[in-house]
Structure formats: structure tokens, C-alpha cells
Amino acid sequence: MTETQQDGRAYGVDSEVGPLRTVMLHRPGNELRRLTPRNNDKLLFDGIPWVGRAQDEHDAFAQALRDRDVEVLYLGELLTEALDDPAARAQAITGATEDLRLGDTLRDYLRAALGELDPARLAETLMAGIRNDEVRAGGLVTSLLAHEDFLIDPLPNLLFTRDSSVWIKDSVAVTSLAMPARMRETQLTEVIYTYHPRFAGADKVYDHQLEHVEGGDVLALGPGVLAVGVGERTTPAGVERLAQRVFAKDLAHTVLAVPIAQQRATMHLDTVCTMVDTDAVLMYPNMAEQMRALAVTTDGDQLHVAAPEPFLVAAAKALGIDTLRRIDTGLDPVTAEREQWDDGNNTLAVAPRVCIAYERTVETNARLEESGIEVVRISGSELGSGRGGPRCMSCPVLRAPTAT
């Protein structure tokens, strides 16, 4: 892997387990305080989190990363700094007010009001949204909407920074999110990667206007090998488009398309499978035997799709190794199902054989340690209400290469 230097900083990721150097997180804020029993399903949360406790848990997560010498960037701070640029402000405001529900009168009012905000307040408003009772716009639309209706929806899922962007070597994929509640998240990450000085000149391999691909479905199994889940969030057309683009830029030689049986807690590939070592994967055993992969390669002119093979077999072949060690979640099907629901599979590797996991997935953590994996435990009783673990909550920006 080549790390791209920009003003003394670097970015680049070519594996799931290379020593983590820089990561982007989003500390939960007022957008979570917008969740109610009426809208939490629409906004993809299973419950209403205690925000103060969620912030404490997230702070402890960030500190666990810093304790491992990982630089922590915060999405909200990056967005605020990017919005110093007038072009960034214009792009962000236009994107937030495109919704056809608004109508021309309300849209013009909101664009003018947002344009008067300083960068910090604008960033906060773009993340937390605007309710109808928070404006005095006048006109037919606001008169007919309920006071509590959102004119600009909040973005509570910003917490899961993995999904809205993913680094593939030294190029960033700004992803295309499938669920209406999340589509606007990638408008904000697009602003960050386009206008923030930290990422000036960064190459983009994907953007949010293309076919649906979500970062939680993209695993960098090793240099040149990507696994991409296909299911509720990432479409077959999205995998095809991503493969075409990474091959054109020589960012990978193989893309494994991995169909995922859809259940409430298996929306992404990283909810059933994560890497914990260069040759070891943590897998949800209730699905592991059925998981297949189609290896996609190219001859430079067209894509070639191999016949389906067991996922671990196809992955080992693509990586050029004999086999991948499989570590199962739980000892029996019921325990495995409970711990998968609690994000037991969604670990974040900070180095080979070192991962961060929720403390509540007791059996999974024990099995990891029995397999020689160091587990850094964090609390997630409130953070987990959006169905996401340490990997979901982190977007690696820079990893060092693994030792060969």
C-alpha cells in the first residue's frame, strides 16, 4: 500500500487489520435527541437512547483508540471546518433543502436562513435537522404540516461513520446509502472530502449519486481483495459499479460479491463477518455455512464473474493463502443469535490480533481470546440501540501495512 501524504498527513487503507493510525468517528449529539417513539423506526433505531450515557460510552470508545495511539477525527468538527468554504456552504445547504416536500416558498426561506448561520451552527443544524415549529416561514406548506414535523430530518445514524465513506487504498468511496433516513449523510461526507484542507486532492473512487453501496458491506480482506455484501443495502448493480471503478484505478484485483440472507440485524456484511487477523475471521455460525461468494476480476476490458464458492474458500484463494481461520460467535445457535444481535460480530481491529468489542458479548469475546485475539472491551448499552458495534462506528482513514 502507498500512503498518500498531504500537508504532512496521510490516508490509505488496504486491509481490515493493519495497525490503525487515523479514524473518523461521530460523537452522538442533538440528532439523537430528536428520536421519539413515533419516529425511531423510520430513523432506523430500535429504541430511544439515553443520550448522555451514549456520549459517555462513545468518549470511552474514542479514548480506547487513543490509548492505542490512534488519531481520532470527529465528523462534526471536520464538517464545521469544511463549511468555512463558501462553495461548501452552498453545496451543503442546497443538498439539505432539495426535498420535494418543502415547496418553493419554504425552500427559499430555509436556504436564506441557513445561509446566515456561522459554520458551527450550520453544521449542527444540518446534523440535527429543523422542525416545523422552529421556523416562522409562513406559507401553505408550514401551515398544513404538524408543528412537530421535520422540514429537514435529523441524522441520528451519523454515529455509524463506516457506512457513508470507506477508504480503498488511497482513494475514498463516498457511498450511496439505500435507506431514505440515511441518504443525506453522504452529502455531508462529500462536503468533507471535497472541501476540508485535510483531504485536499484526495482521489474519489465512488460518489453518493451512483448505485447503492454502503460501507458496512465493504471489507478489505487484504491488499487487492475486497469483499462486498449484497442484500438490503448494497445492490448487485452497486457491486458491479464499485468493481469497475476500483479495477480501473488498480485499487484491487479481486472483488468478492457476497449475498447476505436478510434479517433485521444482518443488514451489512460486517454484522455477520469481520476480520481479526490477517488470516482469521469472526463469523456468525448460523449463516457461515451458507455464505457464498462470487469472485469478480477483470482482464482490463470486461468483468469476469466466477461460479459461487463457499465464502471462506473464495476469500482464501483471492488472498493467496491456504485457509482462513474461522472463529464463531457463541457456542450454540441461540447464544450465537443473541450475541450477533448485540453486535458480537461487529468488531474493530486496531492491529493484527487486537480488536475492540462490546463488553456484553461475553461468549464471543471469550472465544476470540481462546483463539489468541486480544479484546479491548467497551460499554455499548446505549450506543447499540441503532444496531451497530465498534466497526460500524468507525471509518478508518489510515492503516499501516501489515507485516508480510
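Heavy-atom basis, side chains included; hydrogens, waters and symmetry copies ignored.
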Side chain [X], main chain [Y], donor-acceptor under 3.5 Å:
X      : Y      : answer
Asp163 : Gly216 : yes
Asp14  : Pro223 : no
Ser176 : Leu210 : yes
Asn346 : Asp270 : yes
Arg89  : Leu117 : yes
Thr361 : Asn365 : no
Thr36  : Arg38  : yes
Asp85  : Ala82  : no
Arg34  : Ala128 : yes
Asp328 : Pro285 : no

Ignoring hydrogens and geometry beyond distance, is a side-chain donor-acceptor pair present between [X] and [Y] at under 3.5 Å?
X      : Y      : answer
Gln63  : His58  : no
Thr347 : Thr274 : yes
Tyr195 : Gln91  : yes

Salt bridge (Lys or Arg N to Asp or Glu O under 4.0 Å) evaluation trace for Arg131 with Asp149: CA-CA 6 Å; Arg131 278 199 323 260; Asp149 285 344; over 6 Å; no
If you count the non-hydrogen atoms of other residues, nucleotides and ligands that lie under 6.0 Å from [atom1] in [X], is the total more than 12?
X      : atom1 : answer
His147 : NE2   : no
Asp299 : CG    : yes
Arg325 : CZ    : yes
Lys317 : NZ    : no

Point-to-point distance, once rounded to the nearest 0.5 Å, from [atom1] of [X] to [atom2] of [Y]:
X      : Y      : atom1 : atom2 : answer
Met127 : Ile152 : CE    : CD1   : 13.0 Å
Arg233 : Asp217 : CZ    : CG    : 8.5 Å
Ser171 : Arg245 : OG    : CZ    : 11.0 Å
Glu81  : Glu77  : CD    : CD    : 6.5 Å
Arg182 : Glu185 : CZ    : CD    : 4.0 Å

If you define the side chain from C-beta out and look only at heavy atoms, does anything of [X] sit under 4.5 Å from [Y]?
X      : Y      : value
Leu269 : Val228 : no
Leu75  : Thr189 : yes
Ser165 : Met24  : yes
Glu124 : Asn30  : yes
Tyr109 : Val135 : yes
Leu114 : Thr125 : yes
Ile168 : Leu242 : yes
Leu303 : Phe247 : yes

Aromatic ring pairing Tyr193/Trp167, orientation class (parallel under 30°, perpendicular over 60°, tilted between):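 Ring orientation, 0 to 90° scale: perpendicular.
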Ion pair [X]/[Y], N-O distance below 4.0 Å:
X      : Y      : answer
Glu214 : Arg162 : no
Glu116 : Arg111 : no
Glu211 : Arg241 : yes
Arg377 : Glu369 : yes
Lys249 : Asp203 : yes
Glu374 : Arg68  : yes

To check you understand the geometry: which heavy-atom pair defines the closest contact between [X] and [Y], and what is its length?
X      : Y      : value
Met275 : Asp277 : CE-O, 3.2 Å
Gly18  : Thr402 : CA-CG2, 3.5 Å
Val230 : Thr235 : CG1-C, 4.0 Å
Ser379 : Glu359 : CB-OE2, 3.5 Å
Val23  : Pro396 : CG2-N, 4.0 Å
Leu312 : Val281 : CD2-CG2, 3.6 Å

Residue from Thr22, Ile378, Leu25 passing side chain to side chain contact (heavy atoms under 4.5 Å, CB included) with Leu65: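 Of the listed options, the one satisfying the test is Leu25.
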Charged tip of Arg360 within 45° of Tyr358 ring normal and under 6.0 Å: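 Positive - Arg360 is close enough to the ring of Tyr358 and near enough to its axis.
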The single option from Arg399, Arg198, Arg66, Arg21 passing salt bridge (Lys or Arg N to Asp or Glu O under 4.0 Å) against Glu71: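 For Glu71, the salt bridge (Lys or Arg N to Asp or Glu O under 4.0 Å) check succeeds only for Arg198.
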Counterpart residues, salt bridge (charged side-chain N to carboxylate O under 4.0 Å, His left out), relative to Asp69 (two or more places apart):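 Scan of Asp69 (salt bridge (charged side-chain N to carboxylate O under 4.0 Å, His left out), adjacent residues dropped) gives none.
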